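Predicted model only: the values in this text are computed from it and were never measured. Residue numbers start at 1 and run along the sequence shown. In listed order, ligands and their atoms are each counted from 1.
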Amino acid sequence: MKPPEKKLIIVCSSNSQMLKAEGLLKQKKIQTELVPTPSHHGSICSTSILIQGADREAAEGYLGEKRINYRLYPYETKKLTGLMKALMDRAAKQDFLEIMEKLEAGADLTKEEIVRLLNTQSNMEEEMLIAAADRMRKEIVGDRVEIRAAIEFSNYCKKSCHYCGIRKGCDSPKRYRMSEDEILAQVHQIHQLGIKTVILQSGEDDYYTLERLISLIQRIKRETAMAITLSIGERSYEEYAALKQAGANNYLLKIETTNPKVFQSLHPDDDLNHRKQCTQWLKELGYVTASGNMVGLPGQSLEDIAEDILYFKEMGIHMIGIGPFVPAKGTPLAHGVVGNVALTLRAVAATRLVCKNVYLPATTALASVDPEGQVKALRAGANTIMLISTPLQYRESYQLYSNKNMIDIQSAVDAVEGANRLLPKYLKRRNENE
Ligand code: 5AD
């Protein structure tokens with residue numbers, strides 16, 4: 001670019017000196033212009049005189065003769081050093097845009113491309129990813145948010161998963177088991193809200209034998225006809241089959257991570273391949289399957305999360321719960337680092353874009369680490385909220401992680417409205433504008 005014509009700025013010691021100087025120069029036919037004094041030479045309110053470089057000598061002569069108190073500087077216009085780089089850093093890079101184009105064309109993404117989505121490099125890329133997932137969500141599952149309710153009916157567990165606040169050997173929780181009647185009382189409350197699906201969750205507790213579970217399932221079906229999701233961990237093929245036979249519809253068994261090393265380091269009692277086998281059995285038995293992972297596990301990489309997403313897709317999982325890892329008191333990971341919320345949201349968004357027609361919960365773990373977590377997830381591709389319908393006296397004993405947020409119907413409604421979405425039609429307390 002052509003360098004700007006050299007000009008000089010005359011900064012006088014006072015306003016009256018400046019006016020005097022300008023009058024003098026004008027009189028001598030020197031071309032002047034009054035401008036705000038540049039910030040590095042004086043206050044924003046003061047005025048200085050701009051002259052052409054060629055008039056320097058003459059001007060200095062006249063001003064000297066009249067003993068004007070002034071200083072002369074080259075006139076420099078303000079440079080915005082680094083502007084282009086800063087703006088480009090906020091923009092979307094070409095390779096990212098190409099992934100968006102692939103999504104527009106309906107093409108499948110590779111693992112590397114999913115990693116690239118998780119690894120956004122600018123605000124614009126992040127916004128684009130979230131917007132793309134929100135659009136996919138809207139086109140595929142619409143604006144209504146599915147609401148389900150969980151009863152955490154026992155916190156006894158025979159396993160010692162390193163991250164879990166109800167692991168065997170953990171002293172903090174007061175152990176409890178709910179009776180069939182207690183569980184049914186909760187089921188009826190949920191049913192009265194109009195909710196269609198109840199999630200029965202517990203630690204891996206052998207007290208609940210097949211017989212007890214079947215009795216429970218059959219009673220729920222008889223008295224409410226609600227859909228039942230079981231979330232009671234690893235069981236045998238035969239047990240899964242019998243529970244399905246008794247009326248269970250869905251099964252929630254999270255993979256937590258597909259990285260074999262990370263899985264092994266967290267689950268002293270489990271084997272990744274066996275967990276996958278259980279999921280395969282559940283599918284074969286006709287359950288609607290739910291899985292999920294945690295984001296921010298020690299040793300977990302972005303590649304691992306991308307691999308998890310591809311696993312959900314390949315397994316044809318119907319519901320995928322993605323939450324940040326949250327350190328739990330009294331566990332080996334009590335002093336670990338909370339999973340990153342923004343990365344968790346990107347994982348939710350990428351999962352919507354890759355797995356498409358699935359239920360994606362705005363997880364309790366997200367709500368627990370960020371008060372706006374559920375609204376953010378609903379805007380990033382999520383379409384499901386799970387209420388916690390465990391009786392009050394047991395809730396604080398089911399702290400899978402510290403400061404677990406208690407999602408009740410009101411907070412769910414707030415999240416749905418906060419995200420500008422619609423409550424399900426079946427809910428007895430409906431959107432006011434419908
Ligand atoms: N942080 C986040 N999520 C956890 N879960 C259990 N412990 C933690 C924790 N410390 C999640 C797991 C589990 C689900 C019931 O709760 O994903 O499958």
Side-chain angles (χ1 to χ4, degrees), residues 148-157 159-170 172-173 199-205 229-235 250-259 262-263 265-270 272 275-276 278-279 282 289-300 304-305 308 311-312 317 319-341 343-344 347-348 351 360-370 373-374 377 384 386-390 395 397-407:
R148 303 186 168 190
I151 304 171
E152 298 146 333
F153 64 91
S154 161
N155 69 352
Y156 280 85
C157 192
K159 291 191 174 167
S160 299
C161 307
H162 286 334
Y163 48 81
C164 185
I166 63 164
R167 68 199 295 268
K168 178 181 156 200
C170 189
S172 9
I199 299 150
L200 301 174
Q201 189 177 89
S202 70
E204 293 204 14
D205 183 1
T229 300
L230 294 177
S231 178
I232 57 174
E234 294 184 354
R235 297 253 174 170
N250 319 321
Y251 206 103
L252 165 57
L253 178 68
K254 291 198 185 181
I255 198 80
E256 314 296 2
T257 173
T258 51
N259 177 318
V262 177
F263 187 95
S265 73
L266 298 170
H267 301 103
D269 315 295
D270 288 322
L272 178 61
R275 178 68 55 100
K276 288 183 175 171
C278 287
T279 309
L282 291 163
T289 50
S291 185
N293 64 351
M294 282 180 272
V295 169
L297 292 169
Q300 184 189 47
D304 295 338
I305 298 170
D308 295 348
Y311 164 81
F312 301 138
I317 302 290
M319 182 187 277
I320 302 153
I322 299 172
F325 159 69
V326 187
K329 263 189 242 127
T331 64
L333 297 178
H335 303 293
V337 182
V338 184
N340 183 282
V341 171
L343 175 58
T344 307
V348 170
T351 304
L360 288 188
T363 54
T364 311
L366 253 176
S368 302
V369 297
D370 180 345
Q374 285 194 304
T384 307
M386 273 186 209
L387 309 181
I388 309 253
S389 299
T390 306
R395 281 191 201 179
S397 304
Y398 203 85
Q399 292 267 346
L400 299 183
Y401 41 84
S402 302
N403 304 315
K404 184 171 146 225
N405 195 319
M406 291 307 158
I407 308 300

Practice problem: Could you pull out all residues at least two apart from Asn403 that satisfy side-chain contact (heavy atoms from CB on, under 4.5 Å)? | Solution: none

Quiz item: Closest non-hydrogen protein atom to atom 16 (O) of ligand 1, residue and atom name please, with distance?
Solution: Leu400 CD1, 3.4 Å

Exercise. For Tyr163, take its heavy atoms, then give the atoms of ligand 1 lying under 4.0 Å from any of them.
Key: 6 (C), 7 (N), 8 (C), 9 (C), 10 (N)

Quiz item: Quick one: CD on Glu204 to CZ on Arg167, what's the gap to the nearest 0.5 Å?
Solution: 13.5 Å

Practice problem: Name the closest protein heavy atom to atom 13 (C) of ligand 1, giving the residue it belongs to and the distance to 0.1 Å. | Solution: Glu256 OE2, 3.3 Å

Quiz item: Can you tell me if Thr258 and Asp308 form a side-chain donor-acceptor pair at under 3.5 Å?
Solution: yes

Quiz item: So which protein heavy atom does atom 3 (N) of ligand 1 come closest to, and at what separation?
Solution: Met294 SD, 3.3 Å

Quiz item: Can you list the atoms of ligand 1 that are under 4.0 Å from a heavy atom of Val326?
Solution: 1 (N), 2 (C), 9 (C), 10 (N)

Self-check item: atom 8 (C) of ligand 1: the protein heavy-atom neighbour that sits closest, reported with distance to 0.1 Å
Solution: Tyr401 CD2, 3.5 Å

Quiz item: At under 4.0 Å between heavy atoms, which part of Cys161 makes contact with ligand 1: side chain, backbone, both or neither?
Solution: neither

Quiz item: With a 3.5 Å cut-off and no angle check, do the side chains of Asn155 and Ser397 form a donor-acceptor pair?
Solution: no

Self-check item: side chain to side chain donor-acceptor pair (under 3.5 Å) pairs, two or more places apart, involving residues 361-370
Solution: Asp370-Lys376

Practice problem: Please indicate whether Lys168 has more than 12 foreign heavy atoms, meaning atoms of other residues, nucleotides or ligands, lying under 6.0 Å from its NZ. | Solution: no

Quiz item: Which residue supplies the protein heavy atom nearest to atom 2 (C) of ligand 1, what is that atom called, and how far is it?
Solution: Pro324 O, 3.3 Å

